[in-house]
Amino acid sequence: MARALLGRTLVHDTAPGTVSGRIVEVEAYGDESDPASHARPGPTRRNASMYGPPGHAYVYRSHGIHLCFNVVTGRSGRAAAVLVRALEPIRGLATMARRRGVGDPRRWTPGPGCVGEALGLDRLDDGRDLTGEALWITRLRVRHPGERIVATPRIGIRVGRERLWRFVLVHPGEDRGKVTDGRVGR
DNA sequence: GTATCGATTAGC
DNA sequence: CTAATCGATACA
């Protein structure tokens with residue numbers, strides 16, 4: 001369940017230092033029957049991790065440039081994953097600022113490509129066991145008072161928009177931007 | 001082999 | 001709006 005990831009902390013522990021953030025925006029992707037999923041065409045080299053055991057990372061290259069992080073959620077042989085689209089920075093703030101190249105914390109982890117860059121993900125993180133020592137997600141879920149989960153269509157896709165599989169933690173009165181995210185797709 | 005498009009982002 | 005340019009698809 002994608003919602004179960006919201007409020008948990010995603011941690012990457014590497015040489016430059018530990019970076020972490022609270023997961024505040026996710027999207028669920030399914031198997032061959034989900035027209036928006038990378039698993040739509042069946043197994044390929046890129047999506048291999050989606051077919052692997054749950055609790056591992058699926059890290060893919062987006063538009064030749066960005067690395068985006070998913071948690072594999074389906075049993076082995078059944079593709080399913082949850083894309084982490086946004087974090088609230090917690091640890092390693094200086095490291096995130098350096099990797100992102102900007103000083104404003106709001107620009108460190110506001111999208112999946114930004115998350116990958118701020119975390120310092122590597123192509124080798126694809127398939128990584130999330131119960132290991134380098135990359136993991138906390139058991140604890142932090143929910144602020146009044147915070148709600150909003151479900152919306154997924155961002156940046158052309159097909160499968162009828163499924164409300166994007167989930168966002170929203171503070172009432174605060175984050176209107178998180179709900180719409182500006183885009184409807186192309 | 002070529003052409004085209006994306007679960008994206010930054011910058012005109 | 002476009003460039004960045006990897007990985008996958010469709011097609012010759």
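All values below come from the heavy atoms of this structure, side chains included, with hydrogens, waters and symmetry mates left out. Here is how names work: the chains are called A, B, and so on, in the same order as the sequence lines, proteins then strands, and each is numbered from 1.
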| query | Does A:Tyr60 stack onto the base of B:dA7, taking stacking as ring centres under 5.5 Å apart and planes under 30° apart? | reply |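 Whether judged by distance or by angle, A:Tyr60 falls short somewhere, so it does not stack on the base of B:dA7.
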| field | Near-parallel close stack of A:His63 and B:dT8 base (under 5.5 Å, under 30°) | value |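 It does: the ring sits over the base of B:dT8.
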| said: Please check: side-chain N/O of A:Glu27 versus main-chain N/O of A:Val84, any donor-acceptor pairing under 3.5 Å? | reply: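 No.
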| task | Examine distances only and state if a side-chain atom of A:Asn47 and a backbone atom of A:Thr44 form a donor-acceptor pair shorter than 3.5 Å. | result |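 At least one qualifying donor-acceptor pair exists.
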| task | Identify, with sequence neighbours excluded, every residue that meets ring pair (Phe, Tyr, Trp, His ring centres under 6.0 Å) alongside A:Tyr51. | result |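 Counting only residues at least two positions away or on another chain, A:Tyr51 forms no ring pair (Phe, Tyr, Trp, His ring centres under 6.0 Å).
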Across the strands shown, which category fits [X] at heavy-atom distances under 4.0 angstrom: base, sugar-phosphate, nothing?
| X | result |
| --- | --- |
| A:Phe69 | nothing |
| A:Gly113 | sugar-phosphate |
| A:Arg100 | sugar-phosphate |

| request: Can you tell me the pairing partner of C:dT5 across any strand shown, Watson-Crick or G-U wobble, with both distances under 3.5 angstrom? | output: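 Paired with C:dT5, as far as the under-3.5 Å criterion goes, is no nucleotide at all.
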| Applying a 3.5 Å limit to both distances, which nucleotide forms a Watson-Crick or G-U wobble pair with B:dA7? |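 With both distances under 3.5 Å required, B:dA7 matches none.
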Whole-Å distance separating the [atom1] atom of [X] from the [atom2] atom of [N]:
| X | N | atom1 | atom2 | value |
| --- | --- | --- | --- | --- |
| A:Tyr58 | B:dA7 | OH | P | 10 Å |
| A:Arg40 | C:dA8 | CZ | P | 17 Å |
| A:Ile65 | B:dC5 | CD1 | P | 17 Å |
| A:Arg45 | C:dT9 | CZ | P | 11 Å |
| A:Arg61 | C:dG7 | CZ | C1' | 10 Å |
| A:Asp122 | C:dC6 | CG | P | 16 Å |
| A:His38 | C:dG7 | NE2 | P | 12 Å |
| A:Tyr29 | B:dG6 | OH | C1' | 11 Å |

| request: Determine: side-chain N/O of A:Arg85 to OP1/OP2 of B:dT8, distance under 4.0 Å, yes or no. | output: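 Looking at the OP1 and OP2 atoms of B:dT8, one of them is under 4.0 Å from a side-chain N or O of A:Arg85.
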| message | Using OP1 and OP2 only, check whether a side-chain N or O of A:Ser62 sits under 4.0 Å from B:dG6. | response |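 Indeed not, no polar side-chain atom of A:Ser62 lies that close.
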To the side chain of [X], which of [options] is closest?
| X | options | result |
| --- | --- | --- |
| A:Cys114 | C:dT9, B:dT8, B:dA10 | B:dA10 |
| A:Arg123 | B:dT9, C:dA8, C:dG7 | C:dG7 |
| A:Arg107 | B:dG11, C:dT9, B:dT9 | B:dG11 |

| said: Show the nearest heavy-atom pair for residues A:Leu83 and A:Pro112, with the distance to one decimal. | reply: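 Where A:Leu83 meets A:Pro112 most closely, the heavy atoms are CD1-CB, 4.1 Å.
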| Spacing of the P atoms in B:dA7 and C:dA10 (rounded, Å) |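 These two P atoms come out 14 Å apart once rounded.
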| task | Check the side chains of A:Arg166 and A:Thr152 for a donor-acceptor pair under 3.5 angstrom, ignoring hydrogens and angles. | result |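 Yes.
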